[in-house]
Each structure stands twice: as structure tokens, then as C-alpha cells.
Amino acid sequence: MNPRVIAIIPARGGSKGVPGKNLRRVGGRTLVERAVDACRAARLVDEVYVSTDAAEIAAAGEAAGGKVIMRPAELSDDTASSESALLHALHQLSLLGEQPEVLVFVQCTSPFIAPDDLDRGVELIIHDRADSVFSAVATYDFLWRAGDDFGLVTGQNHDPAVRSRRQERKPDFRETGAFYVMSAAGFMTSQHRFFGRTAVVQVPELTAVDVDQLHDLTLAGVLAQVIESSHEVDVDAVITDFDGVHTDDSATVAEDGRESVRVSRADGLGVERLRSVGIPLLIVSKEINRVVQARAAKLGVEVRYGVEDKRQVVGEWLAARHIKCDWAAYLGNDLNDLGPMGLVGWPVAVADAHPAVRQAARVVLARSGGHGAVRDHQAKASAHAPAQ
């Protein structure tokens, strides 16, 4: 029988460096959702639990497919250790008859955890090659430590008098803080993440981002566009804004007050292809303008205009078609698109979108609004299995 492997993600509600940190988005997914996603995608992880004191984090964890263990306030303040959250979670699970052999401790402040790396850590434990494992990047840097108040330093991992070449030195390892894997029994005995034989799972330095300050969140958002740019958008419905998506967000006003906008004919072909595979489309616009209706009619697409609450309209439209929000994409460009983007499973931004919209997007397209962005989105979209 295979050993029982569970993942626990401690995610408290309070954070001083980045307020609401665990619900901040990177690549269109909150940090807690990304952690649950990684654990659920790992081949050797049987169950995923989120330990939290916050209802919003609990809801996000459950929506992503995790189970929730509510943590008491005394284990959720700035002084509480991660170990205390893990011990509490294991105790609560034991009351339900859950007795795992392997514990995977995942921190959602690391947004780029690869499921295969989690499996590599689990394999080291189940094949008895280690008792505790942590994710790390190798470094050949010469490290120095301040020794007094006068700015003097001392070499730590090298002899300052001997400048050996990189190939002559063994690497040191820096913890990324992304995940730790351990024998559950050993952890319960030691009550610490490191015990017995400790091994390392090396991860790429590019992905070793730990979100502790706002600038880390900005960096993660930029990296997501590079690391995850090849995503195929697997959906049952596509909703788009109009201005700044189908158009370049500019208008020409004639003497009589009539407005005209610039659109891309390439977008028409993209819409046609989506319709040909049975994906329903909706254009949602705040503007009350005949040009929106005319373009929607030309494309053969449903339209809602003069909309103040786009999130509500999108939710109602999806519900009427029995399409789960997770299986829908919303393509936007400006701040009033953040509401519906937070509702769907695939928030997508055009290349020239507002920075906040780009950060909220799971995919950022290569093309700008009015320059083939809708067709670019079509190229990434594929039909999901029919909703049940």
C-alpha cells in the first residue's frame, strides 16, 4: 500500500509587509489558489488542506479544490510559528481518522511551485532516502557576515585568502521557503521541520520568488508572464470588454457629434472560429453607443451595453447558460474590468492593459486592443468539456 501523503498550506489572514497577502493575485490566481493548484497537480499528494483563520482565505482554498482547517486566533498572530499551525492541523485531522505518513508543508508566498518538485520531495521520504526535505537553489556566492558595529565582516563559506574557482567548489544551498516534505511521525516527535537526515530538492532560481514585500509581488507578476506565457485557455465561454479590447480605446468625433472607432478585421475571424466550435461569446460595455451594438451585430455576438456592474451581468449571463465561472474567460483592459476578471477562471488582459489589470490576468496577450487582441485570445482558447 502506498503511504498516505497530505499537503498542508498555512495561510493566515494577517500580514504586515503586504496586507491581505495570501489573497493577492499573481498571474490571475491568488497566492493561496496557486499553492492549492500546485499540490493538487502533484502526482503523489493525496489530499490538500489549507490552515487559516480567515473566512475569505478559506473560501478561496475550497474554491481551488482544497479542504479547510480553521485555525484559532492564538495560532494566527505574528508570533505563531508555522510548526504550530502544522501541529494543530495534524491534531485536527487525527480526530477525523486521518493519519498521514508523509507531510508536505507548502507556503503560498512562493507562487511558482512545480508539482514535479513536490513529487521529487515526497519520493525522497517514501523511499527512505531522507527524513526531511526542503526546496532550495544552489549558490556558489562568497558569503560574508557582519561581525560588529564597525562594518567589518567575516567570510562564512570560504577562506578569503583562497579565491577558488567555481568548478572547484561545492555549492551551498539557499532555502526558497516554497515547500518542505517530511515524515509525519518524525515531525510530530521533533515538532520542527528539520530533523534526522535532511535532503534538498533543487529548484530553478528563476522561480525562487518569496512574496514578503510589495516589490516581490510586482516581480512575481512580471515573471508569471514569462514563466506561464504558454498557457492554453481551456473554456466554455468568452466575455470581452469593448473599448480598449475590440478597439484601441480611441474615438474619432465628427462635427455632428457622431463617433467612430477603429477595430481589427482579424478579430472578426477569431470570433468566427470560436463560434464554429460552439463557444458562446458576450461583449459587455459600460458605454451606451450605437457603435457597440453595430459591431456586436456584425460579429453575431450577444452584447450588453450601458452596464455599471459588469461582474453581476457576467455572473448572471453564465448562470443562465449553466456555465461554471471557472470555465469562462474574460478579456479586459481597464480598471472596471477587474470585477468580472476576479469572477472567472481565466482573466485575460490585452498587451496595453492598465498595470493592475495585467497583474490580475492569468494570461497577458501579445497584442493590444484594436490590433488583433481578440483573435490572439481565440488562438489560445479551446473548448472545455460540456458543463454537467
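Heavy-atom basis, side chains included; hydrogens, waters and symmetry copies ignored.
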Is D128 salt-bridged to R197, cutoff N-O under 4.0 Å?
yes

Do we see a donor-acceptor contact under 3.5 Å between the side chains of D337 and Y330?
yes

Are V209 and L23 linked, directly or through other ILVMFWY residues, by side chains that come within less than 4.5 angstrom of each other?
no

Write down the atom of I279, the atom of A237, and the distance for their closest heavy-atom approach.
CG2-CA, 3.7 Å

Backbone N or O of Q202 within a donor-acceptor pair of the R120 side chain at under 3.5 Å?
yes

Is it true that Q293 and Y305 share a donor-acceptor pair across their side chains at a distance under 3.5 Å?
yes

Testing the basics here: between P3 and D46, what is the closest heavy-atom pair and its distance to 0.1 Å?
O-OD2, 3.7 Å

Where is the tightest heavy-atom contact between S82 and F105, given as atom of each residue plus distance?
CB-CZ, 3.5 Å

Do D248 and H371 make a side-chain contact, defined as non-hydrogen atoms from C-beta onward lying under 4.5 Å apart?
yes

Could you tell me the separation between the CG atom of D334 and the NZ atom of K286, rounded to the nearest 0.5 Å?
9.5 Å

Taking all non-hydrogen atoms of both residues, which atom of G155 and which atom of H158 are closest, and how far apart?
CA-CE1, 3.7 Å

To the nearest 0.5 angstrom, please state how far the CG atom of D116 sits from the CG atom of L44.
10.0 Å

Using the rule that Ile, Leu, Val, Met, Phe, Trp and Tyr join whenever any side-chain heavy atoms are under 4.5 Å apart, tell me whether I9 and L31 fall into a single cluster.
no

Distance only, no hydrogens: is a donor on one side chain within 3.5 Å (strictly under) of an acceptor on the other, for D210 and T109?
yes

Going only through I, L, V, M, F, W and Y residues with side-chain contacts under 4.5 Å, is there a path from V277 to W346?
yes

Taking atom CZ as the centre, does R40 end up with more than 12 heavy-atom neighbours from other residues, nucleotides or ligands that are less than 6.0 angstrom away?
no

Are F187 and F195 side-chain neighbours, meaning at least one heavy-atom pair lies under 4.5 Å?
yes

Can you measure from CG (L217) to CG (D212) and round to the nearest 0.5 angstrom?
11.5 Å

Tell me whether E56 at atom CD has more than 12 heavy atoms from other residues, nucleotides or ligands lying less than 6.0 Å away.
no

A373 to V350 - nearest heavy-atom pair and separation
CB-CG1, 3.6 Å

Specify the closest pair of heavy atoms between I125 and V102, including all atoms of both residues, with the distance to one decimal.
CG2-CG2, 3.9 Å

Flag yes if more than 12 heavy atoms outside E205 fall under 6.0 Å of its CD atom; otherwise flag no.
no

Output for pair (R145 CZ, Q156 CD), nearest 0.5 Å, gives 4.5 Å

Q92-Y49 side chain donor-acceptor pair, cut-off 3.5 Å
no

Keeping the roles fixed (side chain from N289, backbone from V292), state whether a donor-acceptor pair exists under 3.5 Å.
no

State plainly whether one hydrophobic cluster holds both V238 and I283, where clusters connect Ile, Leu, Val, Met, Phe, Trp and Tyr through side-chain heavy atoms under 4.5 angstrom apart.
yes

Check the pair V32, K21 against side-chain contact (heavy atoms from CB on, under 4.5 Å), reporting the backbone distance first and the verdict last.
CA-CA 9 Å; V32 69; K21 176 169 61 179; over 6 Å; no

Does the side chain of N333 reach to within under 4.5 Å of the side chain of H354, using non-hydrogen atoms?
no

Counting N and O atoms only, with roles assigned by atom type, does the side chain of D267 sit under 3.5 Å from a partner on the main chain of G370, one being a donor and the other an acceptor?
no

Minimum side-chain heavy-atom gap C39-V36 below 4.5 Å
no

Does this structure show an ion pair linking R362 with E33, if we count only N-O contacts that are shorter than 4.0 Å?
no

Test side-chain contact (heavy atoms from CB on, under 4.5 Å) on V245 and V374; report intermediate values, then the result.
CA-CA 7 Å; V245 173; V374 177; 3.9 Å; yes

Spacing of I57 atom CD1 and T52 atom OG1 [to the nearest 0.5 Å]:
4.0 Å

Please test Q107 against I113 for side-chain contact (heavy atoms from CB on, under 4.5 Å), starting from the C-alpha separation and ending with a verdict.
CA-CA 9 Å; Q107 303 207 90; I113 298 173; over 6 Å; no

Would you say P10 and L86 make side-chain contact, with heavy atoms under 4.5 Å?
yes

So, does R358 use its side chain to make a donor-acceptor pair with the main chain of A351 at under 3.5 Å?
yes

Less than 4.0 angstrom from a charged side-chain N to a carboxylate O is my criterion; do E123 and R129 meet it?
no

Between V348 and V271, is there a shared hydrophobic cluster once you connect ILVMFWY residues whose side-chain heavy atoms come closer than 4.5 Å?
yes

Is there a side-chain contact between I8 and L90 in this structure, where contact means two heavy atoms from C-beta onward sitting under 4.5 Å apart?
yes

Might you work through the salt bridge (Lys or Arg N to Asp or Glu O under 4.0 Å) test for E302 and R321, ending with a clear yes or no?
CA-CA 13 Å; E302 288 186 66; R321 284 152 188 78; 2.9 Å; yes

Should we count CZ of R295 as having more than 12 external heavy atoms under 6.0 Å?
yes

Could you tabulate the donor-acceptor pairs under 3.5 Å formed by side-chain atoms of residues 64-77, not counting sequence neighbours?
from: K67; atom 1: NZ; to: E47; atom 2: OE1; distance (Å): 3.4
from: R71; atom 1: NE; to: S51; atom 2: OG; distance (Å): 3.0
from: R71; atom 1: NH1; to: L75; atom 2: O; distance (Å): 3.0
from: R71; atom 1: NH2; to: S51; atom 2: O; distance (Å): 2.8
from: S76; atom 1: OG; to: P72; atom 2: O; distance (Å): 2.9
from: D77; atom 1: OD1; to: T79; atom 2: N; distance (Å): 3.1
from: D77; atom 1: OD1; to: T79; atom 2: OG1; distance (Å): 2.8
from: D77; atom 1: OD1; to: A80; atom 2: N; distance (Å): 3.0
from: D77; atom 1: OD2; to: T79; atom 2: OG1; distance (Å): 3.4

Given the rule in the side-chain contact (heavy atoms from CB on, under 4.5 Å) test, do V133 and T198 qualify, once you have shown the distances and angles that lead to the verdict?
CA-CA 6 Å; V133 176; T198 301; over 6 Å; no

Heavy-atom count check: over 12 atoms from other residues, nucleotides or ligands less than 6.0 Å from Y140 OH?
yes

Nearest-0.5 Å distance that lies between atom CG in N157 and atom OG1 in T139
7.5 Å

Where at least one partner belongs to residues 235-294, residue pairs that pass ring pair (Phe, Tyr, Trp, His ring centres under 6.0 Å), sequence neighbours excluded:
F242-H246

Is there a side-chain contact between V200 and F173 in this structure, where contact means two heavy atoms from C-beta onward sitting under 4.5 Å apart?
yes

Would D78 and R12 pass as an ion pair if we require N to O under 4.0 Å?
yes

Using the ring of each side chain (for Trp, its six-membered ring), is F194 parallel, tilted or perpendicular to F134, with breaks at 30° and 60°?
perpendicular

Are R34 and D37 within salt-bridge range, i.e. N to O under 4.0 Å?
no

Which other residues belong to the hydrophobic cluster containing V153, where Ile, Leu, Val, Met, Phe, Trp and Tyr are joined when side-chain heavy atoms lie under 4.5 Å apart, directly or via other members?
F142, W144

Side-chain heavy-atom pair V203, V137 within 4.5 angstrom cut-off:
yes

